[in-house]
Amino acid sequence: MKAFENLSPATLDEAVELLGTARANGEVAYPAGGGSDLLGMVKDELVPAPDRIVDLKRIPGLDEIRTSERGTEIGGLVTVDAVARSEGIRSRYPVLAEAAAAVGAPQLRNTGTIAGNVCQRPWCWYFRQGFSCLKRGGDRCYSVIGENQQHAIFGGGPSFIVHPSDTANALVALDAEFQITGPNGERTVPASEFFILPRDSLERENVLETDELLVGISLPSTSANRSGAYRKVMDREAWTHAVVSVALTLDMDGEVCRDARIVLGGVAPIPWRVPAAEDMLRGQGITAELAQQAADSALEGAQPLAKNGYKVMMARALVRRSVLELSGAA
Ligand SMILES: Cc1cc2nc3c(=O)[nH]c(=O)nc-3n(C[C@H](O)[C@H](O)[C@H](O)COP(=O)(O)OP(=O)(O)OC[C@H]3O[C@@H](n4cnc5c(N)ncnc54)[C@H](O)[C@@H]3O)c2cc1C
Ligand code: SF4
């Protein structure tokens, strides 16, 4: 493995400058949060070898959760574990607390940051085993005719990765906004527009430029009637990514659903929101029949590959069950 320089900037401006300078000099530099994904990929030579790693952990203020009347701000360096345990997040945004608690193992949650979790690279086994596939500049996607059990049933092509982050699905369901900083200043991007499909870019999974940083996440204030839940199916009991998952929020007025968000995980290269299914619930009393109709609608248009058709049935059942449980109609 090529030696690299580990830099620990004390301010965000310094971090952005270090990344920008590296880019201008034709060098490879990566920002690191907890480093739990990045360092493994560097060690296994799955990404171009870095000249520098810009460790963000010394920058003050990025590891705080702040709540005000306008909502909640989560610094990009807040650990996944702190998100899962925060009383404020658990009471106001249970879908996010549950998604964070569902991430990997305790050690990963303690090390991994919310920004790093959202920006983690794909876990397609071809990619992680070093195959020279499209994502790594090669000329083919091995999953198309290969072992595609874990791959996308929506939004795939030319790569069929699924987005691996549990928290990303919850953040889309909560209408979160991502604060980004870079050499041209700050910008805010809705979570729903942060993630991008392989057909729009094969090199990256989100809108960040190589010298931009995800510095924080804003959650809008929420009503007392809005409940939420994150349900995840795994191929073993714990410590692994979702085979399929659903991030669900329901705004209930008695038995009537005023508003809903349904975001599927493990099925697409981005958190996959299903607005048609949400529309079906809006303004209606939730019944078993309606939950089934919404679940059917959520999976409409799925295009499974040869070995992942099981995800359609699994995700459909998960949506139906989650809607019934969360609405209290179960
Ligand atoms: C065995 C195993 C099981 C796992 N299971 C799950 C799971 O069930 N659910 C799940 O969601 N995840 C899972 N993960 C992934 C794990 O949660 C991530 O590795 C972790 O959250 C990444 O956080 P980090 O801060 O360590 O990121 P890093 O490793 O520091 O960074 C990850 C990526 O994000 C970039 N990055 C980091 N911070 C920033 C920033 N502020 N701005 C811009 N870019 C940034 C880095 O350059 C890098 O490309 C699993 C990982 C392993 C190894
Ligand atoms: S799904 Fe994407 S990452 Fe996996 S082999 Fe195909 S191109 Fe590579």
Side-chain angles (χ1 to χ4, degrees), residues 12 15-16 19 28-42 46-47 50 53-57 59 62 75-81 83 99-105 107-148 150-152 156-170 178-182 198 202 204-217 230 232 234 236 238-243 245 265-266 269 305:
L12 264 181
V16 168
L19 290 169
V28 176
Y30 302 117
S36 64
D37 187 26
L38 179 66
L39 297 180
M41 286 197 303
V42 168
L46 298 178
V47 287
I53 286 190
V54 179
D55 180 356
L56 305 174
K57 283 200 294 290
I59 302 175
L62 291 187
L77 282 212
V78 173
T79 65
V80 174
D81 185 65
V83 173
V103 168
Q107 194 185 348
L108 279 168
R109 294 196 291 275
N110 279 311
T111 315
T113 61
I114 186 85
N117 186 256
V118 159
C119 297
Q120 64 180 289
R121 302 299 314 277
W123 284 82
C124 164
W125 44 44
Y126 294 107
F127 180 76
R128 292 281 167 168
Q129 284 175 36
F131 279 71
S132 180
C133 67
L134 288 175
K135 269 259 164 219
R136 302 186 64 239
D139 64 356
R140 75 193 64 179
C141 170
Y142 292 92
S143 76
V144 174
I145 55 163
E147 297 304 318
N148 49 40
Q150 304 280 7
H151 290 76
S159 160
F160 289 83
I161 52 164
V162 293
H163 203 282
S165 164
D166 285 308
T167 61
N169 303 316
F178 289 179
Q179 264 79 54
I180 296 170
T181 194
L202 274 171
R204 51 192 183 149
E205 292 81 43
N206 57 57
V207 299
L208 290 180
E209 300 292 341
T210 53
D211 49 6
E212 286 189 314
L213 293 169
L214 175 56
V215 293
I217 293 166
Y230 189 73
K232 174 174 173 180
M234 295 176 283
R236 52 180 195 260
W239 299 19
T240 187
H241 293 94
V243 174
S245 66
L305 299 163

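Order of listing sets the numbers, starting from 1, for every ligand and every atom in it.
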To the nearest 0.5 Å, tell me how far [X] [atom1] sits from [Y] [atom2].
| X | Y | atom1 | atom2 | result |
| --- | --- | --- | --- | --- |
| Leu134 | Ser159 | CG | OG | 7.0 Å |
| Leu305 | His151 | CG | NE2 | 8.0 Å |
| Leu213 | Leu19 | CG | CG | 5.5 Å |
| Leu77 | Thr113 | CG | OG1 | 6.0 Å |
| Ser165 | Glu205 | OG | CD | 11.5 Å |
| Phe127 | Arg136 | CZ | CZ | 6.5 Å |

- Task: Would you tell me whether Asn117 and Thr167 have side-chain atoms, one donor and one acceptor, within less than 3.5 Å of each other?
- Result: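 A pair is found: one side chain offers a donor N or O, the other an acceptor, under 3.5 Å apart.
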For [atom], the protein heavy atom that lies nearest, with its residue and separation:
| atom | value |
| --- | --- |
| atom 15 (C) of ligand 1 | Gln120 OE1, 3.1 Å |
| atom 27 (O) of ligand 1 | Gly116 CA, 3.4 Å |
| atom 45 (C) of ligand 1 | Pro31 CG, 3.9 Å |
| atom 42 (N) of ligand 1 | Leu214 N, 2.9 Å |
| atom 28 (P) of ligand 1 | Gly35 N, 3.5 Å |
| atom 7 (C) of ligand 1 | Gly104 N, 3.2 Å |
| atom 34 (O) of ligand 1 | Cys119 CB, 3.2 Å |
| atom 13 (C) of ligand 1 | His241 NE2, 3.1 Å |

[X] N/O to ligand 1 N/O under 3.5 Å:
| X | value |
| --- | --- |
| Asp37 | yes |
| Gly34 | yes |
| Val80 | no |

Any idea which atoms of ligand 1 are less than 4.0 Å away from a heavy-atom of [X]?
| X | result |
| --- | --- |
| Leu56 | 40 (C), 41 (N) |
| Ser165 | 11 (O) |
| Ala115 | 40 (C), 41 (N) |
| Ala32 | 30 (O) |
| Leu208 | 43 (C) |

- Query: Relative to the ring of Tyr126, is the ring of Phe131 parallel (under 30°), tilted (30 to 60°) or perpendicular (over 60°)?
  - Reply: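 The rings of Phe131 and Tyr126 stand perpendicular, inter-plane angle above 60°.
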- Task: If the plane angle is over 60° it's perpendicular, under 30° parallel, otherwise tilted; pick one for His241 and Trp123.
- Result: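 Tilted.
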On a heavy-atom basis, I'd like to know which of [options] is closest to [atom].
| atom | options | result |
| --- | --- | --- |
| atom 9 (N) of ligand 1 | Thr181, Thr240, Asp166 | Asp166 |
| atom 18 (C) of ligand 1 | Gly33, Ser36, Gly112 | Ser36 |
| atom 17 (O) of ligand 1 | Leu108, Asn117, Val215, Leu12 | Asn117 |

[X] contact mode with ligand 1 (heavy-atom cut-off under 4.0 Å):
| X | value |
| --- | --- |
| Leu77 | neither |
| Lys232 | side chain |
| Pro164 | backbone |

- side chain to side chain contact (heavy atoms under 4.5 Å, CB included) between Leu39 and Ile53, worked out: CA-CA 9 Å; Leu39 297 180; Ile53 286 190; 3.7 Å; yes
- Can you count the protein N, O or S atoms that lie less than 2.8 Å from atom 2 (Fe) of ligand 2?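 With waters ignored, the protein N/O/S count below 2.8 Å is 1.
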- Task: Count the heavy atoms belonging to other residues, nucleotides or ligands that lie under 6.0 Å from CD of Gln107, then report whether that count exceeds 12.
- Result: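 Open: at most 12 neighbouring heavy atoms sit under 6.0 Å from CD of Gln107.
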- Message: Between ligand 1 and Arg109, can you find any atom pair, the residue atom being a heavy atom, that is separated by under 4.0 Å?
- Response: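 Judged by the 4.0 Å heavy-atom criterion, Arg109 does not count as contacting ligand 1.
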- Item | Closest approach of Ala15 to Ile59 (non-hydrogen atoms, all atoms of both residues) |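 In this case the closest contact between Ala15 and Ile59 is CB-CD1, 4.0 Å.
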- Task: Using a strict 4.0 Å threshold on nitrogen-to-oxygen distance, state whether Arg128 and Asp37 make a salt bridge.
- Result: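 Between Asp37 and Arg128 there is a salt bridge, with a charged N closer than 4.0 Å to a carboxylate O.
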Is there side-chain contact between [X] and [Y], with at least one heavy-atom pair below 4.5 Å?
| X | Y | value |
| --- | --- | --- |
| Phe160 | Asn148 | no |
| Val28 | Tyr30 | yes |
| Glu209 | Arg204 | yes |

- Task: Carefully, step by step, assess Arg140 and Cys133 under the rule side chain to side chain contact (heavy atoms under 4.5 Å, CB included).
- Result: CA-CA 5 Å; Arg140 75 193 64 179; Cys133 67; 5.9 Å; no
